[in-house]
**Student:** 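To start, I am sharing the structure in question, which I have written as structure tokens.
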Protein chains: 2
Amino acid sequence: MTPSAQSAQPRRSDATRAAILRAARERFAADGYERATIRAIAADAQIDPSMVMRYYGSKEGLFAAAAEFDLRLPDLTSVPPARLGEVLVRHFLARWEGDETLVALLRAASTNPGAAERMRGIFADQLTAAVAAFGTDRALTARRAGLVASQVLGLAFTRYIVRLPPMVDTAPDELVAWIAPTLQRYLTGTPPS
Amino acid sequence: MTPSAQSAQPRRSDATRAAILRAARERFAADGYERATIRAIAADAQIDPSMVMRYYGSKEGLFAAAAEFDLRLPDLTSVPPARLGEVLVRHFLARWEGDETLVALLRAASTNPGAAERMRGIFADQLTAAVAAFGTDRALTARRAGLVASQVLGLAFTRYIVRLPPMVDTAPDELVAWIAPTLQRYLTGTPPS
DNA sequence: GTCTATAATTCGATAGAC
DNA sequence: GTCTATCGAATTATAGAC
């Protein structure tokens with residue numbers, strides 16, 4: 001039995017794979033899907049471009065691996081009901097700032113159908129599931145989640161992609177103070193007639 | 001004097017130019033900047049690709065001409081103060097639905113720096129100017145405009161780009177009812193301490 | 001004004017030596 | 001596992017005939 005004969009082959013080339021993924025996320029986040037080239041990603045990771053193909057099969061396969069993402073939403077039932085909006089904005093802001101994967105996904109979703117599909121899945125599944133914790137009307141739950149997504153993605157789009165000066169310059173805490181009531185109403189507000 | 005010797009040369013080739021711009025807007029809106037090729041645009045407009053270059057110089061020049069846009073914001077001082085949010089959402093929704101130029105700009109802004117710059121200009125100039133009609137604090141005015149942009153662009157991004165099902169399926173009137181209070185607060189609400 | 005032909009790049013992907 | 005060499009396709013852009 002080899003020293004590393006465990007279940008899922010802990011190869012020593014895992015470091016290379018990780019370096020590729022890190023470089024890929026950076027490039028996809030900075031340039032979008034089309035402009036991010038396998039050659040450039042390989043150069044950033046200081047490996048040969050053909051290794052990227054060997055490990056991930058194709059550019060789409062690489063993106064799929066690099067864009068794996070979990071929103072890590074907290075259990076909303078354990079949050080004081082009046083602070084739902086605040087907790088959610090703060091969580092999303094921290095998630096956007098701390099992991100460029102979401103920016104890569106956001107930028108790629110604009111032009112790449114597969115990335116858009118992945119984005120739909122993340123928000124339809126993870127966010128809708130979190131919102132479904134309170135409220136039984138499925139259509140209404142989906143609508144609430146969609147509205148929350150519209151504000152959260154708009155925040156990300158204006159702050160990280162288009163970089164509108166007022167949205168870039170404003171401190172996170174002040175953004176939270178402005179936007180929290182919006183999410184609070186989308187989550188718990190009375191639906192319009 | 002030729003029959004059409006007026007001020008700004010009303011050439012008969014203007015029809016061709018218009019057809020090119022229309023096809024360009026469609027392609028840029030559907031595919032984004034990189035995937036929209038001059039060849040495909042020319043094919044849509046049923047002309048030779050070289051004519052596009054002759055008329056607009058380069059792909060960037062074509063995009064710059066096709067992405068010319070005016071939000072046509074109404075004078076907000078003549079709107080009942082309590083209905084500001086509603087008027088604004090409704091106006092934006094109609095503007096998005098009726099003119100694919102904004103979708104083209106939105107999609108291209110994700111990957112093309114020039115398009116992002118144009119987007120910044122449109123929202124920083126036109127929207128900020130409209131918001132400046134009430135309120136004298138310039139920093140606060142810019143922030144209000146940025147927040148409005150974040151929600152409006154998020155609405156467009158989720159509805160027209162990512163196409164989140166709940167945002168696509170919901171009728172415009174209901175979207176207005178949900179989102180109007182958000183814009184109302186961003187425009188007229190008391191700033192957080 | 002319109003079109004053909006092609007230059008000059010660049011990219012994703014493959015084949016195969018070592 | 002890693003790298004060299006290269007294919008084949010697609011792109012923007014240009015030159016020049018008609």
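Proteins come first, then strands; the chains are lettered A, B, ... in the order of their sequence lines, and each starts at number 1.
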**Student:** Output yes when a side-chain donor or acceptor of A:T188 lies under 3.5 Å from a complementary backbone atom of A:R185, and no otherwise.
**Tutor:** no
**Student:** Heavy atom of residues 18-34 of chain A under 4.0 Å from DNA chain D: which residues?
**Tutor:** none
**Student:** When you measure from the side chain of A:R118 to the backbone N and O of A:A64, does any donor-acceptor pair fall under 3.5 Å?
**Tutor:** yes
**Student:** Hey, can you pull the donor-acceptor pairs under 3.5 Å for the side chains in residues 81-88 of chain A, sequence neighbours left out?
**Tutor:**
| residue | atom | partner | partner atom | Å |
| --- | --- | --- | --- | --- |
| A:R83 | NE | A:E86 | OE1 | 3.3 |
| A:R83 | NH2 | A:E86 | OE2 | 3.2 |

**Student:** Would you say B:R143 and A:T170 are linked by a side-chain donor-acceptor pair, where the criterion is simply a distance under 3.5 Å?
**Tutor:** yes
**Student:** Within this structure, what is the CZ-to-C1' distance between B:R35 and C:dG12, rounded to whole angstrom?
**Tutor:** 13 Å
**Student:** Looking at A:R159 and A:E97, is there a salt bridge between them, counting it only when a charged N and a carboxylate O are closer than 4.0 Å?
**Tutor:** yes
**Student:** Does a side chain donor of either A:T16 or A:Y55 reach within less than 3.5 Å of an acceptor in the other side chain?
**Tutor:** no
**Student:** To the nearest angstrom, how far is A:Y56 atom OH from C:dA13 atom C1'?
**Tutor:** 18 Å
**Student:** Do any pairs count as a side chain to side chain donor-acceptor pair (under 3.5 Å) and have a residue in residues 119-132 of chain A, sequence neighbours left out, and if so which ones?
**Tutor:** A:E117-A:R120
**Student:** Count the heavy atoms of every other residue, nucleotide or ligand shown that sit under 6.0 Å from CZ of B:R35, and state whether that count exceeds 12.
**Tutor:** yes
**Student:** Rounding to 10 degrees, work out the angle separating the end axes of the helix from C:dG1-D:dC18 to C:dC18-D:dG1 (five pairs an end).
**Tutor:** 10°
**Student:** Who are the side chain to side chain donor-acceptor pair (under 3.5 Å) partners of B:D44, not counting sequence neighbours?
**Tutor:** B:R27
**Student:** Using whole Å, what does the distance between atom P of nucleotide C:dT10 and atom CZ of A:R39 come to?
**Tutor:** 10 Å
**Student:** If you measure only the distance, is there a donor-acceptor pair under 3.5 Å linking the side chains of A:S150 and B:Q151?
**Tutor:** yes
**Student:** When you measure from the centre of the six-membered ring of A:Y56, is the NZ or CZ of A:R17 closer than 6.0 Å and no more than 45° off the axis?
**Tutor:** yes
**Student:** Give, ordered by number, those residues of residues 46-55 of chain A having at least one heavy-atom distance below 4.0 Å to an atom of DNA chain D; if nothing qualifies, reply none.
**Tutor:** A:D48, A:S50, A:M51, A:R54, A:Y55
**Student:** Expressed in angstrom and rounded to an integer, what is the separation of A:E60 atom CD from C:dC11 atom P?
**Tutor:** 18 Å
**Student:** Whole angstrom is fine here: how far is it from NZ in B:K59 over to C1' in D:dA10?
**Tutor:** 12 Å
